[in-house]
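Excluded from the calculations below are hydrogen atoms, water molecules and symmetry mates; all remaining heavy atoms, backbone and side chain alike, are included.
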Amino acid sequence: MSKTSQQNTTTDASGVSVIHTQAHSSGLQQVPQLVPVSPGGGGKAVPPSKQGKKNSFVDRNSDEYRQRRERNNMAVKKSRLKSKQKAQDTLQRVNQLKEENERLEAKIKLLTKELSVLKDLFLEHAHNFADNVQPVGTETTTTNPESSGQ
């Protein structure tokens, strides 16, 4: 059994290519397939804001062009200043955190030293206390010679 198939391709306005195939006598089947609009294929996607614009000749001496350039230059300056300010703020915050970290590390050292001293005092006191107290079952009895002889 051999199958015969035909393909017809159409492209709608949005750049979607639809392939119509006919296999045997089963009828047409539509299979949507995305294809690039540009003939070279690939490349950068065009944002919706610029799709409707044509690459027309721009008169660099026109007032509109000069106004656009001026606005763009102002926006670039503002963006660069904002970026510099953000970098300075970040550097300042880093320095503050470093100083705080140094203070906290010094406090940790001091508290660790204090803990060690207090542990030593406690252990010394506990050792002295244990030496002075006799265990419960080993009490010494002293005999009074006067009471035992009569």
Side-chain angles (χ1 to χ4, degrees), residues 5 7 9-21 23 26 28-150:
S5 64
Q7 287 188 348
T9 305
T10 59
T11 305
D12 65 4
S14 65
V16 175
S17 176
V18 179
I19 300 173
H20 302 280
T21 60
S26 62
L28 290 177
Q29 180 182 13
Q30 290 187 359
V31 180
Q33 188 177 40
L34 294 175
V35 293
V37 177
S38 62
K44 291 185 179 179
V46 179
S49 62
K50 296 198 178 191
Q51 283 179 349
K53 295 181 181 180
K54 304 267 183 185
N55 283 339
S56 61
F57 176 72
V58 178
D59 182 15
R60 293 183 179 221
N61 295 325
S62 70
D63 288 337
E64 181 186 356
Y65 177 78
R66 277 190 249 125
Q67 287 174 352
R68 283 186 188 176
R69 293 302 316 141
E70 190 174 327
R71 279 196 309 249
N72 181 262
N73 290 342
M74 294 294 281
V76 167
K77 286 179 186 177
K78 183 178 177 182
S79 175
R80 289 177 182 160
L81 283 174
K82 187 176 177 183
S83 177
K84 283 181 184 178
Q85 184 63 43
K86 187 175 180 182
Q88 288 175 350
D89 292 346
T90 302
L91 185 62
Q92 183 179 2
R93 180 73 174 138
V94 165
N95 290 333
Q96 287 174 347
L97 290 173
K98 282 182 180 179
E99 289 175 6
E100 183 181 1
N101 193 33
E102 289 172 1
R103 282 194 307 269
L104 291 172
E105 285 178 355
K107 189 173 184 178
I108 287 171
K109 283 182 182 178
L110 179 69
L111 291 172
T112 304
K113 199 174 197 179
E114 185 178 343
L115 177 65
S116 177
V117 168
L118 290 173
K119 271 185 184 179
D120 290 344
L121 284 173
F122 174 77
L123 291 174
E124 183 180 334
H125 178 71
H127 181 68
N128 287 340
F129 184 74
D131 287 346
N132 291 335
V133 175
Q134 295 176 350
V136 173
T138 60
E139 289 185 29
T140 56
T141 54
T142 58
T143 56
N144 192 351
E146 294 176 5
S147 63
S148 63
Q150 294 182 20

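- For the side-chain hydrogen bond (donor to acceptor under 3.5 Å, both in side chains) test, no residue two or more places apart in sequence or in another chain qualifies with Asp120.
- In this structure Arg66 satisfies the salt bridge (charged side-chain N to carboxylate O under 4.0 Å, His left out) test together with Asp63, sequence neighbours excluded.
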Per-pair distances, 0.1 Å, donor-acceptor, side chain in residues 104-119, under 3.5 Å, sequence neighbours excluded:
unit_1: Thr112; atom_1: OG1; unit_2: Ile108; atom_2: O; d: 2.7

Ignoring hydrogens and angles, write down the donor-acceptor pairs under 3.5 Å from the side chains of residues 74-97, residues two or more places apart or on other chains.
unit_1: Gln85; atom_1: NE2; unit_2: Asp89; atom_2: OD1; d: 2.9
unit_1: Thr90; atom_1: OG1; unit_2: Lys86; atom_2: O; d: 2.8
unit_1: Asn95; atom_1: ND2; unit_2: Leu91; atom_2: O; d: 3.4

His125 vs Asn128, test: side chain to side chain contact (heavy atoms under 4.5 Å, CB included). Steps then yes/no. CA-CA 5 Å; His125 178 71; Asn128 287 340; 5.6 Å; no
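- Glu64 is linked by a salt bridge (charged side-chain N to carboxylate O under 4.0 Å, His left out) to Arg68, counting only residues two or more places apart in sequence or in another chain.
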